[in-house]
Protein chains: 2
Amino acid sequence: MSTIGDVAKAAGVSVATVSRALRGVDRVSPRTRDRVLAAASELHYVASPAATSLVSGRTRGIGVITPYFNRWFFATVISGIEKTLRDEGHHVLLCDLEGPTFDTRMPITQNMLWKRADGAIILNVPPEPSERALLDRLDMPVVTVGNRQSGWPSVRVDDRAAMALATGYALELGHRAIGYAGTVPASVTHLQTPFDRREAFGEVLAQHGITCPPAWTLECDWTAQGAFDHADRLFARPDHPTCVVAASDEMAFGVIAAARRHGLDVPGDVSVIGIDDHVHAQILDVTTVRQDVEAQGRYAGELMLRALKGEEVSAAHDHVLEVELVVRGSTAPPRTRTSGGSSVTRLPEHLTTTSASSVATAPSVGSAGALDR
Amino acid sequence: MSTIGDVAKAAGVSVATVSRALRGVDRVSPRTRDRVLAAASELHYVASPAATSLVSGRTRGIGVITPYFNRWFFATVISGIEKTLRDEGHHVLLCDLEGPTFDTRMPITQNMLWKRADGAIILNVPPEPSERALLDRLDMPVVTVGNRQSGWPSVRVDDRAAMALATGYALELGHRAIGYAGTVPASVTHLQTPFDRREAFGEVLAQHGITCPPAWTLECDWTAQGAFDHADRLFARPDHPTCVVAASDEMAFGVIAAARRHGLDVPGDVSVIGIDDHVHAQILDVTTVRQDVEAQGRYAGELMLRALKGEEVSAAHDHVLEVELVVRGSTAPPRTRTSGGSSVTRLPEHLTTTSASSVATAPSVGSAGALDR
DNA sequence: CTGTTAGCGCCTTCAA
DNA sequence: TTGAAGGCGCTAACAG
């Protein structure tokens, strides 16, 4: 492949002129510029990024640091980032932090960013102190998506508000026996969203004098399969909630599948609500709290581009996208009366002591709706 | 950030010695080596990839060219690639070809590969002639995933065999009125899989003297939502198949959802079978043909690594992974008799003229099982 | 074993 | 408007 020298020779000018003509900066006479352009395209010339980067100090690459990219949310954010950056001639360097298990992650390392990226976009993972120090030392623009990190601009939804919306809707429907899917093992300290959502869930319930017992709280890996496995055990119990709030749609899918596998009707016997508006949530008819995931990626890309152009993108910048409740067929009010009257689920103890007596006395039926699969 | 010169100064040696010590090549006295290592880590030194690349000609980056990043199959392949490359210190350069619509794609451009990548892995998209010429001109190792391209080694499953397995199973169950989801608009010429699968489907049917009428052939964008929309129209017809073979699990999800939305029981009234073993196929209880998607990515990554090491990875190399039928709850034999006898679907004309009379006389019921949602 | 030096391909002064 | 030359950070001969 040809170098700038080849083009210079072919066009009969110096390399400096080629450089100037090709980048369109400085003044170059139209005639020589055309000659250069012709020679360059003739030779399929493209400037070596390595050489350009060596002298300019910029790489036109943006490191995108993600805990997983094999999952819908992250792949969608990254897709939004990539399209935005591509339009400006930048590209994405994938930095997948995924470790051997859900509980572990790889550290952000210097050699995946140093002189290789002009900036970094961090998805949903609060950096550890050493990583924080590294990023500061690297002195490149950083944008976070999904979490607010002090010192950096961010793009996100309000996880607590989203969960409050979901939980609020469950209460509004009249549910008082509410389970939760989406806590994570204590070892997972690198993800903020699971904590925020769980906390908001607990708070909203508490405001109504309700608590969700541990047996109804499903700890899982935030996959549909993981949620299914845990929900499977939940629905095998003699008592189960009339509604399960899942911290993500994918987990909601798993919970719904488990309920049906146990002969429960959704939403007749159990309502399920998720968060995200996953690409499959509509056809699976899952009530959810919608967030525009790709837009978060696009917006993060734009912020990065602006920072790269030298524009001041303040750390105070905190773009919080709206979320919206989308009611679909996976939720309904709890049954106020059992159809047969025989198989009334025993009310869990914690519910009998709350103030929400008006509805808490209407537990679900454990075995109706067995036809629905 | 520090350069090799800073380290040399700090260790009291020349830059050449630093370079040698750090890379562990050539002979360096243990004592000076330790001094260099200490100085380097003290200064957080990491060699500039640009400078290294400029002189060595290698970037340690591999371009991964994909028609979509945002879909399960591709994200999973890429995940496998990335993990494999990362272990050897290489990284992935994302080249997402996705254009504004399903029908269009961006071309593979020279400036996303030239001097930026040491090799390219192409996912499921046969390059156009000009792209082919570019890749040849770039003279870098290329591995294809999902399709066989002459001149390059490949990793894939046999799409035709996979579809034959799915279709064969439908026939084995006794279905003769079989629909298909997964043809693509004529403008989509850059994806091979849709064609291979459709062709194999038609051939297997033909071997049994059956054809699938156009009205039962759903052309869509290979998303669950797209399949849902088309299947929605299919199930609104007075006649509909007793089984739908979908060219991907995601489309199968959409078909199943549409069937249920029309009050049809799956598999009672309609069987649905997919291909892929998508991460949600198990909980959604979808019969499918399993392929190990991440393994294809891993294997492609290994091939690339071997080629990069100078090993001869012949273009004749064609690694075809096994596929496997996974029978789940979305399929069953067709009903041989209507329960009520009232709402018999009119037999589509093409079926009355085939030789498959023994089963073709047992069409599905259009309105039973309305309880299943 | 270690230091010196010449590029890798490009951009950027500084002169002309 | 154009050319010559220095240098970005590093590696690879070649000396010593």
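Here is the naming used below: chain letters follow the sequence lines, and residue numbers restart at 1 for every chain.
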Identified side-chain contact (heavy atoms from CB on, under 4.5 Å) counterpart of Ile108(B) within the set Glu128(B), Arg132(B), Glu131(B):
Glu131(B)
What does nucleotides 8-16 of chain D look like as a protein-contact string, B for base, S for sugar-phosphate only, - for none, at under 4.0 angstrom between heavy atoms?
BBSSBB---
Assess, by modelled atom type and distance only, whether the side chains of Arg298(B) and Thr84(B) contain a donor and an acceptor separated by less than 3.5 Å.
no
Could you verify whether a donor N or O on one side chain and an acceptor N or O on the other, from Thr193(A) and Asn124(A), lie under 3.5 Å apart?
yes
Partners meeting side-chain contact (heavy atoms from CB on, under 4.5 Å) with Val28(B) (sequence neighbours left out):
Thr17(B), Arg20(B), Ala21(B), Thr32(B), Arg33(B)
For residues 73-92 of chain B, which residue pairs pass the salt bridge (charged side-chain N to carboxylate O under 4.0 Å, His left out) check, not counting sequence neighbours?
Glu98(A)-Lys83(B), Glu82(B)-Arg86(B), Lys83(B)-Glu294(B)
Hey, could you give me each pair passing salt bridge (charged side-chain N to carboxylate O under 4.0 Å, His left out) that has a residue in residues 38-63 of chain B? Not counting sequence neighbours.
Arg58(B)-Asp118(B)
Just to confirm, is there a sub-4.0 Å distance from OP1 or OP2 of dT1(D) to any side-chain nitrogen or oxygen of Thr17(A)?
no
Axis-to-axis angle for the helix from dC1(C)-dG16(D) to dA16(C)-dT1(D), ends of five pairs each, to 10°, equals 40°
Per side-chain contact (heavy atoms from CB on, under 4.5 Å), Leu303(B) is matched among Val145(B), Val313(B), Thr144(B) by Val313(B)
What is the nucleic acid contact for Thr32(B), judged by heavy atoms within less than 4.0 Å: base, sugar-phosphate only, or nothing?
sugar-phosphate
Between the side chains of Arg137(B) and Gln110(B), does any donor sit under 3.5 Å from an acceptor?
yes
Going 5' to 3' on DNA chain C, which nucleotide is the first and which the last to come under 4.0 Å of a heavy atom in chain B?
dC1(C) to dG9(C)
Looking only at side chains, do Ser19(B) and Arg23(B) share a donor and an acceptor under 3.5 Å apart?
yes
Aromatic Tyr68(B) / basic Arg71(B) pairing, under 6.0 angstrom, 45° off normal:
yes
